[in-house]
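Notes to accompany the following structure.
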Amino acid sequence: MKRPRSDARSDKGPVRVLLFAASLGGNSLNKRLAALAGVVLERHGARVDRAAMAEFDGPSYSQDVETREGFPPGSQELHRRLQACDAFVIASPEYNASMPGHLKNAIDWVSRIRPQPLNAKHGLLLSASPSMAGGNRGLWSLRIPLEHLGARVYPDMFSLAQAHKAFTETGELADRPLAERFAQSLREFVDLVEAATHYPCMKKAWIDFLGEPGETVGRVDAA
Ligand SMILES: Cc1cc2nc3c(=O)[nH]c(=O)nc-3n(C[C@H](O)[C@H](O)[C@H](O)COP(=O)(O)O)c2cc1C
C-alpha cells in the first residue's frame with residue numbers, strides 16, 4: 001500500500017507552519033517564546049498559523065466517549081490545522097519533568113482521527129521555564145508520542161532557561177548570542193521543511209537518513 005505523504009505539495013509557495021504554546025495560562029512564558037518564534041519564522045519566509053492550546057483542549061481521552069460522541073471540537077480543530085500545514089512548532093511547558101497532561105491528551109485524541117495528521121509532518125520543539133534546564137526534559141518526553149506517530153521531530157530543540165528573566169520589554173531575548181542561536185535553529189528548521197516539501201530528492205534523503213522505509217505502513221497507521 002502506498003503511504004500517503006502529508007508533506008507533499010504541488011506548489012512552491014511559502015511553507016506553512018502551525019505554531020502554538022502548549023500552555024493554558026494567560027501570563028505564559030511559553031506563549032512569549034512562541035510569539036518570538038512566530039516573528040522569526042515569518043522573517044525567514046514561512047507562513048505562520050498562530051494557535052492557542054485552548055483551541056485544542058478537551059475532555060480526557062476515553063474510548064467510550066469516542067464511540068458514543070465522536071471527536072471533541074478541540075481535536076477536530078487540531079486535526080484541521082495540522083492537515084493544513086507543512087510543519088508545526090510547539091513551545092511546551094515542562095510539568096514534573098514531562099509534558100503537560102493536556103498536551104498529551106490532545107495528541108492522543110488527534111492520533112485517532114484519520115488521516116493521522118502527525119505522520120510525516122516536520123516538528124520543532126521549544127520550551128521555556130524558570131529553571132536552569134529550561135524545561136528540556138519535557139521536550140524529550142514530547143518527542144516520544146510525536147515520533148511514534150511518524151512526525152519528523154527536528155534533532156535540535158531550544159529550551160529557554162530562567163525564562164522569567166530572559167525577555168526584554170519588547171519580547172526579544174535579552175542575551176544576544178542566545179537570540180542568534182534561537183533564530184538560527186528556526187531558520188535551519190524552515191530550510192529543512194522547504195527542502196522536504198518542495199524538493200523530493202531532499203525529502204528522500206531525509207527519510208533514508210532516518211532509516212525509515214519509504215512506502216510501507218508500519219506501526220503508524222497512516223490510512
Ligand atoms: C504542575 C507543575 C509542574 C511543574 N514542573 C516543572 C518541572 O518539572 N520543571 C520545570 O522546569 N518547571 C516546572 N514547573 C514550572 C513551570 O515551568 C512554570 O510554571 C512555567 O512558567 C510554565 O510555563 P508557562 O508559563 O508557559 O505556562 C511546573 C509547574 C507546574 C504547574
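Just follow the structure's listing: the first ligand is 1, and inside any ligand the first atom is 1. When a residue number appears, it is its place in the shown sequence, counting from 1.
Every pair passing ring-ring contact (aromatic ring centres under 6.0 Å, His included) that includes a residue from residues 159-191 is listed here, sequence neighbours excluded: Tyr154-Phe189, Phe158-Phe182. Among pairs with a residue in residues 87-121, those fulfilling ring-ring contact (aromatic ring centres under 6.0 Å, His included) read Tyr61-Trp109, at least two apart in sequence or across chains.
A distance-only check finds no donor-acceptor pair linking the side chain of Arg32 to the backbone of Gly171 [under 3.5 Å].
Residues lining ligand 1 at a heavy-atom distance below 4.0 Å are given as Ser23, Ser28, Leu29, Asn30, Pro93, Glu94, Tyr95, Asn96, Ala97, Ser129, Pro130, Ser131, Arg137, ordered by chain and residue number.
With a 6.0 Å radius and a threshold of 12 heavy atoms from other residues, nucleotides or ligands, Arg68 has its CZ atom above the threshold.
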Donor-acceptor contacts under 3.5 Å from residues 131-141 side chains, at least two apart:
residue: Ser131; atom: OG; partner: Ser129; partner atom: OG; Å: 3.2
residue: Ser131; atom: OG; partner: Ala133; partner atom: N; Å: 3.2
residue: Ser131; atom: OG; partner: Gly134; partner atom: N; Å: 3.2
residue: Asn136; atom: OD1; partner: Trp140; partner atom: NE1; Å: 3.0
residue: Asn136; atom: ND2; partner: Ser159; partner atom: OG; Å: 2.9
residue: Arg137; atom: NE; partner: Glu94; partner atom: OE2; Å: 3.4
residue: Arg137; atom: NH2; partner: Glu94; partner atom: OE2; Å: 2.8
residue: Ser141; atom: OG; partner: Ser98; partner atom: OG; Å: 3.3
residue: Ser141; atom: OG; partner: Met99; partner atom: N; Å: 3.0
residue: Ser141; atom: OG; partner: Gly138; partner atom: O; Å: 2.7

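Side-chain atoms of His44 and Asp191 form a donor-acceptor pair, as typed in the model, at a separation below 3.5 Å.
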